[in-house]
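Right, one structure below, let's go through it.
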Amino acid sequence: MTTVYDFELPKGFVDKAGEVHRRGKMRLATAGDEINATRDPRVLSNPSYLTIVVLASVITELEGVESVMPTTVERFFTADLAFLQDMYQRINNVEPPKMTVVCPDCGKVFEAPVNFTQEG
C-alpha cells in the first residue's frame with residue numbers, strides 16, 4: 001500500500017531568499033492529523049485555517065525547505081494550495097462511500113452516498 005506520494009507544485013513555493021521549491025511528498029492523513037488540527041487555536045478562531053494546519057502535517061517534504069509549518073503553507077500561491085487540497089482529497093479518498101440502492105416505488109437501481117451521521 002502506498003502511503004507517501006510525490007508531487008510537483010504548479011507554481012512553486014518561493015522562500016524568503018527568492019528560491020522556488022516545487023517538488024515534495026505528501027503522506028496519507030491519519031484520524032489524529034484531523035483531530036489535532038481541529039484543536040489548533042488558529043483553527044478554533046478561524047475554521048477555514050483547518051486546511052492549512054492539516055496540509056502542514058501531511059506534507060512530509062518540500063525540496064530545500066527544512067520543515068513545512070502552517071506558516072509555510074500560508075505563503076503558497078492559491079494555485080498550489082488548490083492543487084494540494086485536490087491531491088489530499090484524492091489520495092485519502094475523502095469522497096463519502098456509496099452503496100447501490102433500489103427505489104421501492106419504481107425499482108430503479110442507483111448509487112447513493114452513505115451518511116454515517118445521524119440527524120434529528
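Just so you know, these numbers use all the heavy atoms, side chains as well, and skip hydrogens, waters and symmetry mates.
Pairing each heavy atom of Val53 with each of Ala37, the nearest pair is CG1-CB, 3.7 Å. Of all heavy-atom pairs between Pro10 and Ala79, the closest is CG-O, 4.1 Å. For Val54 against Ser57, the heavy-atom pair with the smallest separation is O-OG, 2.7 Å. Of all non-hydrogen atoms in Ala56 and Pro70, the two that sit nearest each other are CB-N, 3.5 Å. The two atoms that bring Met87 and Tyr5 nearest to each other are CE-CB, 3.5 Å, heavy atoms only.
Here Asn46 pairs with Ser48 under the side chain to side chain donor-acceptor pair (under 3.5 Å) rule; sequence neighbours left out. For the side chain to side chain contact (heavy atoms under 4.5 Å, CB included) test, residues two or more places apart in sequence or in another chain that qualify with Thr3 are Met1, Leu28. Thr38 pairs by the side chain to side chain contact (heavy atoms under 4.5 Å, CB included) definition with Leu50, not counting sequence neighbours. Taking the side chain to side chain donor-acceptor pair (under 3.5 Å) definition, one finds that Glu19 meets it with nothing, sequence neighbours left out. Residues forming a side chain to side chain contact (heavy atoms under 4.5 Å, CB included) with Ala29 (at least two apart in sequence, or on another chain): Asp33, Val58, Tyr88, Asn92.
Remark: the backbone N or O of Leu9 is not paired with any side-chain donor or acceptor of Asp80 at under 3.5 angstrom.
A distance of 10.0 Å separates OG1 of Thr72 from CG of Asp15, quoted to the nearest 0.5 Å.
Within the structure, ring-ring contact (aromatic ring centres under 6.0 Å, His included) contacts touching residues 55-78 (residues at least two apart or in different chains) are Phe13-Phe76. Contacts classified as salt bridge (charged side-chain N to carboxylate O under 4.0 Å, His left out) and involving residues 35-53 (residues at least two apart or in different chains) are given here: Asp40-Arg42. Residue pairs that meet the side-chain hydrogen bond (donor to acceptor under 3.5 Å, both in side chains) test with at least one member in residues 99-112, sequence neighbours left out, are Thr100-Glu111.
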Full working for side-chain contact (heavy atoms from CB on, under 4.5 Å) between Val102 and Phe110: CA-CA 6 Å; Val102 179; Phe110 59 96; over 6 Å; no
Trace of the side-chain contact (heavy atoms from CB on, under 4.5 Å) decision for Ile35 with Thr30: CA-CA 9 Å; Ile35 291 168; Thr30 65; over 6 Å; no
side-chain contact (heavy atoms from CB on, under 4.5 Å) assessment of Val109 paired with Val101: CA-CA 6 Å; Val109 177; Val101 295; over 6 Å; no
CA sep, side-chain torsions, deciding dist, call: Met26, Ile91, side-chain contact (heavy atoms from CB on, under 4.5 Å): CA-CA 9 Å; Met26 180 186 293; Ile91 70 172; 3.7 Å; yes
Hey, can you pull the donor-acceptor pairs under 3.5 Å for the side chains in residues 60-69, sequence neighbours left out?
| residue | atom | partner | partner atom | Å |
| --- | --- | --- | --- | --- |
| Thr60 | OG1 | Lys25 | O | 3.4 |
| Glu63 | OE2 | Arg22 | N | 2.9 |
| Glu63 | OE2 | Arg23 | N | 3.3 |

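The side-chain heavy atoms of Val43 and Ile52, taken from C-beta on, include no pair separated by under 4.5 Å.
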